[in-house]
Amino acid sequence: MGLFFVQMFLRKMESDIDALGHVSYFVRHENRKVPLRELIGKTLGLQFTGNVACIACNRKIKKTFNQGYCFPCFQSLAECDQCIVKPELCHFDKGTCRQPEWGLANCMIPHTVYLANTSGLKVGITRNVKTRWVDQGAIQALPLGIVKRRLDAGIVEVVLKDFMADRTDWRAMLKGQTPLLDLAAEAKKVQDKLDAHPLIEVAKLSDVTTLNYPVLNYPQKIISLNAEKTPDISGQLLGIKGQYLIFDNGVINLRKYTGYEVHWQLPSSV
């Protein structure tokens, strides 16, 4: 396997899921979609240069907000508003959306309410189920229903949060010890809540998706690697799950460092 050295500003890893549920990861470099699976089991080095740039306006900055944005963009862009984290607070109908055109394209469209098994059972909402499931490190997932817009998905999620979690324990997720669940049975437990809810358009059970990540060994103890404290990170890459690289000496959440410039090795084959 040939390697080439790349200096790039980090973006979220992209992913694909094949018919058997195997997850593959990629990064974009120029016009190339570079696979990362070939790095598993190899020694990998990441050198953070200290340069940071906003992923929206590309302005050089000292620190990021909301995983990659400068403070002015964080304050002004609709994608950084509080309602993205808490969709039940969507204020588009009040005429106060920061960017109405962005809201129409991204929020006023169908969203899926789903169950996932990440560090245990959780409820979530998304526009793109498979991308979201991988980003959360879900090992199982099941769509519950589809609603017309993000606000409606948030309202349904709030209802279901009374019966299950809506967040992932990332440390438990990375240990790889989460037991499989009967998601269909879990969905039936809340089916009456969905049937009674006027916002759900489709709420019929589909097949459970099982996801398998490219991991050789899961860590027994989670050690979080901090690129700001230790800019040179290296070790044997044991796997990738969620947006984490799992090394033999710790884990790093690449999404946390979106917008940071890094020098690293990537496989030359595409």
Side-chain angles (χ1 to χ4, degrees), residues 12 14-23 77-168 173 180-212 242-243 255:
K12 182 172 78 77
E14 300 178 30
S15 60
D16 286 333
I17 306 173
D18 68 16
L20 298 177
H22 294 104
V23 179
L77 296 180
E79 61 202 81
C80 296
D81 204 347
Q82 185 182 17
C83 51
I84 298 301
V85 178
K86 296 183 177 181
E88 69 273 15
L89 300 180
C90 174
H91 47 95
F92 186 93
D93 289 346
K94 297 179 181 178
T96 54
C97 181
R98 292 178 177 182
Q99 296 173 290
E101 290 186 1
W102 189 93
L104 281 173
N106 294 275
C107 300
M108 310 304 287
I109 60 174
H111 279 62
T112 298
V113 181
Y114 65 87
L115 295 184
N117 183 9
T118 54
S119 56
L121 183 66
K122 73 176 295 290
V123 61
I125 68 169
T126 186
R127 292 172 295 168
N128 186 326
V129 289
K130 291 189 176 181
T131 296
R132 183 60 173 162
W133 295 342
V134 171
D135 286 349
Q136 292 185 335
I139 57 175
Q140 295 171 285
L142 175 66
L144 288 178
I146 299 174
V147 296
K148 293 181 179 180
R149 54 183 182 167
R150 187 174 180 84
L151 171 62
D152 298 341
I155 293 172
V156 175
E157 184 181 38
V158 168
V159 172
L160 296 183
K161 281 165 57 174
D162 289 338
F163 306 95
M164 64 191 69
D166 67 327
R167 295 186 180 183
T168 296
M173 179 271 289
L180 295 177
L181 300 173
D182 187 342
L183 287 191
E186 296 295 340
K188 290 179 180 178
K189 292 179 183 179
V190 296
Q191 193 67 45
D192 59 332
K193 308 294 187 302
L194 298 175
D195 291 341
H197 209 289
L199 297 177
I200 287 283
E201 288 185 332
V202 179
K204 65 178 182 178
L205 295 181
S206 59
D207 293 334
V208 173
T209 296
T210 301
L211 297 97
N212 301 287
Q243 283 290 318
R255 192 169 190 176

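Hydrogens, waters and symmetry mates are skipped; everything else that's a heavy atom, side chains included, is used. As the structure is a computational prediction, the values presented were derived from the model and not from experiment.
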message = Is any side-chain heavy atom of Tyr114 closer than 4.5 Å to one of Val123?
response = no
Gap separating the CG atom of Leu77 from the CD atom of Gln99, nearest 0.5 angstrom = 5.0 Å
request  = In sequence, state the C-alpha distance, the side-chain angles, and the governing distance for Lys122 and Met164, and then conclude on side chain to side chain contact (heavy atoms under 4.5 Å, CB included).
outcome  = CA-CA 6 Å; Lys122 73 176 295 290; Met164 64 191 69; 5.9 Å; no
task = Could you grab the distance from atom CG of Leu151 to atom SG of Cys90, nearest 0.5 Å is fine?
result = 5.0 Å
message = Just verifying a value: how many Å separate Lys161 NZ and Asp166 CG, rounded to the nearest 0.5 Å?
response = 4.5 Å
inquiry  = Applying side chain to side chain contact (heavy atoms under 4.5 Å, CB included) to Ile139 and Thr210, what does each step give before you reach the verdict?
reply    = CA-CA 6 Å; Ile139 57 175; Thr210 301; 5.9 Å; no
inquiry  = Using 0.5 Å steps for rounding, measure from the CG atom of Leu115 to the CG atom of Leu160.
reply    = 7.5 Å
message = Pairing donors with acceptors under 3.5 angstrom, does anything connect the side chains of His91 and Asp81?
response = yes
ask   = side chain to side chain contact (heavy atoms under 4.5 Å, CB included) between Asp182 and Lys188: does it pass, once the steps are laid out?
value = CA-CA 10 Å; Asp182 187 342; Lys188 290 179 180 178; over 6 Å; no
note = Of all heavy-atom pairs linking Ile155 and Glu88, the shortest is N-CB, 4.3 Å
message = Rounded to the nearest 0.5 Å, what separates atom NZ in Lys130 from atom OG in Ser15?
response = 10.5 Å
key: Given Asp16, Leu211, Asp18, the one that forms side chain to side chain contact (heavy atoms under 4.5 Å, CB included) with Val23   = Leu211
task = Could you tell me which non-hydrogen atom of Leu180 sits nearest to which non-hydrogen atom of Gln140, and how far apart they are?
result = CA-OE1, 3.4 Å
query = Is there side-chain contact between Phe163 and Lys189, with heavy atoms separated by less than 4.5 Å?
reply = no
query = Is the number of heavy atoms from other residues, nucleotides or ligands within 6.0 Å of NZ (Lys86) greater than 12?
reply = no
request  = Over all heavy atoms of both residues, which pair between Gly124 and Glu157 is shortest? Give the atoms and the distance, please.
outcome  = CA-OE2, 3.6 Å
Give every donor-acceptor pair under 3.5 Å between a side-chain atom in residues 100-107 and any protein atom, sequence neighbours left out.
from   : atom 1 : to     : atom 2 : distance (Å)
Asn106 : OD1    : Arg127 : NH1    : 2.4
Asn106 : ND2    : Trp102 : O      : 2.9

Closest approach of Ile125 to Pro87 (non-hydrogen atoms, all atoms of both residues) = CD1-CG, 3.3 Å
request  = Measure across Leu142 and Ala187 and return the closest heavy-atom pair with its distance rounded to 0.1 Å.
outcome  = CD2-CB, 3.8 Å
task = Identify the two heavy atoms, one from Ala78 and one from Ile84, that lie closest to each other, and give their separation to 0.1 Å.
result = O-CG1, 3.5 Å
ask   = CZ of Arg98 to SG of Cys83: how many Å apart, nearest 0.5 Å?
value = 7.5 Å
query = Hey, is Arg149 close enough to Asp152 for a salt bridge, meaning N to O under 4.0 Å?
reply = yes
key: Residue among Asn117, Thr126, Thr118 satisfying side chain to side chain contact (heavy atoms under 4.5 Å, CB included) with Gln136   = Thr118
message = Could you walk me through whether Leu121 and Leu183 satisfy the side chain to side chain contact (heavy atoms under 4.5 Å, CB included) test, starting with their C-alpha distance in whole Å, then the side-chain angles of each, then the deciding distance to 0.1 Å, before giving a yes or no?
response = CA-CA 8 Å; Leu121 183 66; Leu183 287 191; 3.8 Å; yes
